[in-house]
Amino acid sequence: AQSVTQLGSHVSVSEGALVLLRCNYSSSVPPYLFWYVQYPNQGLQLLLKYTSAATLVKGINGFEAEFKKSETSFHLTKPSAHMSDAAEYFCAVTEYSSASKIIFGSGTRLSIRP
Amino acid sequence: DAGVIQSPRHEVTEMGQEVTLRCKPISGHDYLFWYRQTMMRGLELLIYFNNNVPIDDSGMPEDRFSAKMPNASFSTLKIQPSEPRDSAVYFCASSRPGQGRTEAFFGQGTRLTVV
């Protein structure tokens with residue numbers, strides 16, 4: 001069964017600094033991987049997804065993530081943090097071979113210091 | 001498209017009462033998911049449907065929880081009787097897998113408070 005682990009429940013960076021949110025996955029079959037963002041009192045919004053094409057995936061709001069099979073990782077990065085990036089970020093996985101359930105990590109709360 | 005629509009947005013009820021949460025998926029989507037979000041447990045998948053048929057309900061916590069999807073455009077999640085520990089935000093999501101489109105689209109959620 002597939003699963004994801006997000007390292008760090010809370011990450012705080014200064015405005016303009018690099019954002020790095022970590023995600024490791026476990027899957028017995030080739031996975032689809034996602035990053036979602038959740039703003040306060042909102043639903044989850046897709047940031048980006050990996051579907052076995054390019055290993056470096058670019059998403060909205062300047063975020064990108066790199067799929068590394070050897071490390072079973074799919075870390076999310078942004079070169080320069082903006083105050084508006086403060087939110088909860090979720091990594092998720094589903095099986096490539098079938099459109100089955102999407103499993104989410106525990107989430108990482110990103111705070112931005114002025 | 002209006003996106004996934006959930007109602008109500010907020011629900012406050014007394015312990016022991018029946019609660020029904022509603023969801024309208026995006027038109028044309030054939031998968032529907034119900035998730036529960038709490039501080040303690042994060043996002044939990046409760047149940048999901050494919051073409052209106054429940055595929056996996058292993059996440060449903062107890063027999064007090066039930067979900068139905070009578071047609072492609074409507075689903076309900078019912079809790080009877082409700083308990084304070086059911087207080088959470090409940091999300092509905094839908095998807096239409098194929099050609100790399102496996103992501104789920106989420107509704108705004110229903111915040112349930114059981115007092």
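Chain letters run A, B, ... following the sequence lines, proteins first and then strands; every chain starts at 1.
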Centroid-centroid distance, B/Y48 to B/F33, less than 6.0 Å
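Yes, close enough.
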
Compute the ring centroids of A/F90 and A/F34, then answer whether they are less than 6.0 Å apart.
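No - the distance between ring centres of A/F90 and A/F34 does not fall below the 6.0 Å cut-off.
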
Quick one: what part of [X] sits under 4.5 Å from any heavy atom of chain A, side chain, backbone, both or neither?
X: B/I55; answer: neither
X: B/R41; answer: neither
X: B/Q37; answer: side chain

By a 4.5 Å heavy-atom criterion (distance strictly below it), what part of A/Q38 contacts chain B: side chain, backbone, both, or neither?
side chain

Quick one: does any side-chain atom of A/Y36 pair with a main-chain N or O of B/A104 as donor and acceptor, under 3.5 Å?
yes

In terms of ring plane angle, is the pair A/F74 and A/W35 parallel, tilted or perpendicular, where the classes change at 30° and 60°?
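Aromatic pair A/F74/A/W35 classed parallel.
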
Summary of disulfide bond (SG atoms under 2.5 Å apart) pairs that have at least one residue in residues 29-90 of chain B, sequence neighbours excluded
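For residues 29-90 of chain B: none.
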
Extract all donor-acceptor atom pairs below 3.5 Å that involve side chains of residues 55-73 of chain A and protein atoms in other chains or at least two apart in sequence.
| from | atom 1 | to | atom 2 | distance (Å) |
| --- | --- | --- | --- | --- |
| A/K58 | NZ | A/E64 | OE1 | 2.7 |

Could you pull out all residues at least two apart from B/N51 that satisfy side chain to side chain donor-acceptor pair (under 3.5 Å)?
none

Interface residues of residues 41-48 of chain A facing chain B - non-hydrogen atoms under 4.5 Å apart
A/N41, A/Q42, A/G43, A/L44, A/L46

Decide, yes or no, whether a salt bridge links B/E62 with B/R85 under the criterion of side-chain N to carboxylate O below 4.0 Å.
yes

